[in-house]
Every structure is written in structure tokens, then in C-alpha cells.
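The structure appears right after this line, and notes come after that.
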Amino acid sequence: MNSILITGCSRGLGLGLVKQLLVTSQPTKHIFATCRNPDKAQELNELKTKHNNLHIFPLDVTNYASFDALVQQIDEIVKDEGLNVLLNNAGISPKSTRLNFAKDSDLRDTFETNTVAPVMLTKAFIPLLKKASKFNETQPMGVQRATIVNMSSILGSIQDNQQGGMYAYRMSKVALNMATKSMSLDLKNDRILCVAMHPGWVRTDMGGSNAPLDIESSCNQMVQTIQALNESQNGTFIQFDGKALPW
Ligand SMILES: NC(=O)c1ccc[n+]([C@@H]2O[C@H](COP(=O)([O-])OP(=O)(O)OC[C@H]3O[C@@H](n4cnc5c(N)ncnc54)[C@H](OP(=O)(O)O)[C@@H]3O)[C@@H](O)[C@H]2O)c1
């Protein structure tokens, strides 16, 4: 792939994905790492001093009014080649999880960041994704053309829900899964591939210290899985290592 844009790269999986993309055997020409406060993203800024293919842009994914200017800036860099991959990673998970602690503000805020924002950002980047798909029209579907990866969670699986709770988070991710499926159908004729991806349970600020996977292992496998995506996976829910998950 020539180019990828990732949201939420200040820490956790977003930062981990950037690190893996910088060391993978198939180098990416442009890595657009976005985060809310670039000035505070120290590790990301350090990486930038060593890697010319890393571009950092400020982006709060709920600031929809800022999207057009970002799209324009990216367009000026990628030009006719378009944007190959949009990875909607930024997300939140509120602390209150059981039904008697559910707060309407948590439900709304989580839906805004985890579901509304990825749909709106995807909408804004469709012209650049289409451009990339067209530019590489002799290639099969996948990251060589154009791909949308929505960072989901197994907690958004209805079939896998054995423990209940986590209303805001589970609801936001199951809705993101549905958005992913619709995108995969709506963008099929443009040969833009869409998947919902579960990164595993990972030791980040969100995943906590009991999680079995470290950031490097999850991100290393996610990068390999993303690079190898093919048409048969369009519109599916997969985990970091490519294994299919139940909706
Ligand atoms: N860790 C896991 O076990 C796990 C499992 C399943 C799914 N996931 C999903 O993986 C993604 C990343 O999670 P993580 O574990 O890396 O979480 P994290 O360590 O809490 O990091 C979350 C990232 O999202 C950013 N973010 C939050 N709201 C934002 C906004 N409005 N605009 C821009 N950026 C925003 C944060 O930026 P700031 O630094 O500015 O707050 C941070 O960079 C999420 O979508 C999460 O739901 C994680």
C-alpha cells in the first residue's frame, strides 16, 4: 500500500500500528497519523524525527467541521494516487458498565466517538479512497486499491455476548459492525474493501493490565492481516490474526 490514515495515534493501538508500519518489510510511502493533541504525543513526535514517511495531523474525530480541511491536506500530498487505507481506530470506553450504573451521557458520548465519527470520517474520505481504487484498477481488492478498517471489538458481537453489561461500549461497536457491513455493500462497485477488526484483548489504557496480548503482538499481526486482506473478506468481522468472528 502507498498510504494509510489512522485515527487516535497518541497512544495504545494507534501508536502501536504506526510503529509496526514503520518497521514492516513492505514500507508505506505515506503514514498519516492523526491525534487530538499532537503537541502532547511525545512518542509519535519522536518517531517523526526519524521517519520522513510519517505525517502527523491534529484530528478530534468528533470535530466533523474539521474533516474537509484534513481531506484537502492529505489530497495535496497523495495527489492522483489517492488514499489506500483508512483505519478508524480512535475510541473510548466509559467506566460504568452494569445496567444500574448506565448513564445517558456515556451512552451518547460513546456512540458519538465509536460509531458516528468513523462513519462521518469515512464519508469525508470516500473521494480519496475512490481515487486510490481507480488509480490501481488492475489490482485485486485490498490495500493495493482501497480499504476501510473499522476498529471494532469482540464485545460488539451479539453471538459472543455471554456476560452482559458494558452497554455503551457494546452498543457502539455492534452499530459500527453494522455500518461496516453496509459500507462493504455500498462501496463494492468502487472495489473498496471494508472490514470490522477486533485487535484482541490488549494491554493498553483501555484494555487494562490483565489483558493477555501486548501492543506489539496485536499490532504486528493486525498489520500483516490488513496487508493480506482480499475480496473474500469484504464485509466481514475478523480479529487481529485474520480469524473470522461471529457478528
Ligand atoms: N485494548 C483493547 O483490548 C481493545 C479491544 C477491542 C477493541 N479495542 C479498540 O481499539 C481502539 C484503540 O483502543 P486502545 O486500546 O488503543 O485505547 P486507548 O489506549 O484508550 O487509546 C484510545 C485512543 O483513541 C483516541 N481518542 C479517543 N477519543 C478521541 C477523539 N474524539 N478524537 C481523536 N482521538 C480520540 C485517544 O486519544 P487521546 O490520547 O487524545 O485521548 C487515544 O489515542 C478503540 O477503538 C478500541 O475500542 C481495544
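For ligands, and for the atoms within them, numbers begin at 1 and follow the listed sequence. All residue numbers refer to positions in the sequence shown, counting from 1.
Of all atoms in ligand 1, listed by their number and element, those nearer than 4.0 Å to a heavy atom of Trp201 are 3 (O). Residue Tyr169 approaches ligand 1 through these ligand atoms, each under 4.0 Å from one of its heavy atoms: 6 (C), 7 (C), 8 (N), 9 (C), 46 (C), 47 (O). Taking every non-hydrogen atom of Gly12 and a distance limit under 4.0 Å, the qualifying atoms of ligand 1 come out as 16 (O), 19 (O). Set against the non-hydrogen atoms of Leu59, the atoms of ligand 1 under 4.0 Å away are 32 (N), 33 (C). Listed by number with element, the atoms of ligand 1 under 4.0 angstrom from any heavy atom of Asp205 are 19 (O). With ligand atoms numbered from 1 in the order given, ligand 1 contributes 6 (C), 7 (C), 8 (N), 9 (C) to contacts under 4.0 Å with heavy atoms of Ser152. With ligand atoms numbered from 1 in the order given, ligand 1 contributes 6 (C) to contacts under 4.0 Å with heavy atoms of His198. Listed by atom number, the atoms of ligand 1 under 4.0 Å from Ile92 heavy atoms are 27 (C), 28 (N).
Residue-level proximity to ligand 1 for Arg203 is absent, since no heavy atom of it falls below 4.0 angstrom.
Between Glu137 and Arg145, none of the side-chain N atoms (NZ, or NE/NH1/NH2) sits under 4.0 Å from a carboxylate O, so this pair counts as no salt bridge. At a threshold of 4.0 Å, the pair Lys131-Asp75 counts as salt-bridged, since one of the basic side-chain nitrogens sits closer than that to a carboxylate oxygen. Between Lys29 and Glu81, at least one side-chain nitrogen of the basic residue sits less than 4.0 Å from a carboxylate oxygen of the acidic one, meeting the salt-bridge criterion.
Using a 4.0 angstrom heavy-atom cutoff, Gly208 does not count as in contact with ligand 1. Heavy-atom distances between Lys173 and ligand 1 reach below 4.0 Å in at least one pair. For Thr7, the closest heavy-atom approach to ligand 1 does not fall below 4.0 Å. Remark: distances from the non-hydrogen atoms of Pro199 to ligand 1 include one below 4.0 Å. Residue Ala41 places no heavy atom under 4.0 Å from ligand 1.
Taking atom 21 (O) of ligand 1 as the reference point, the nearest protein heavy-atom neighbour is Arg11 NH1, 3.8 Å.
For Asp68 and Gln72, the side-chain atoms include no donor-acceptor pair closer than 3.5 Å. Side-chain polar atoms of Asn2 and Asn84 form no donor-acceptor pair below 3.5 angstrom.
Residues His198 and Met222 fail the side-chain proximity criterion, which asks for heavy atoms closer than 4.5 Å.
Under a hydrophobic clustering in which Ile, Leu, Val, Met, Phe, Trp and Tyr are joined whenever their side-chain heavy atoms come within less than 4.5 Å, directly or via other members, Leu70 and Val61 fall into the same cluster.
Counting only non-hydrogen atoms, the option in Gly156, Gly200, Gly207 that gets closest to atom 5 (C) of ligand 1 is Gly200.
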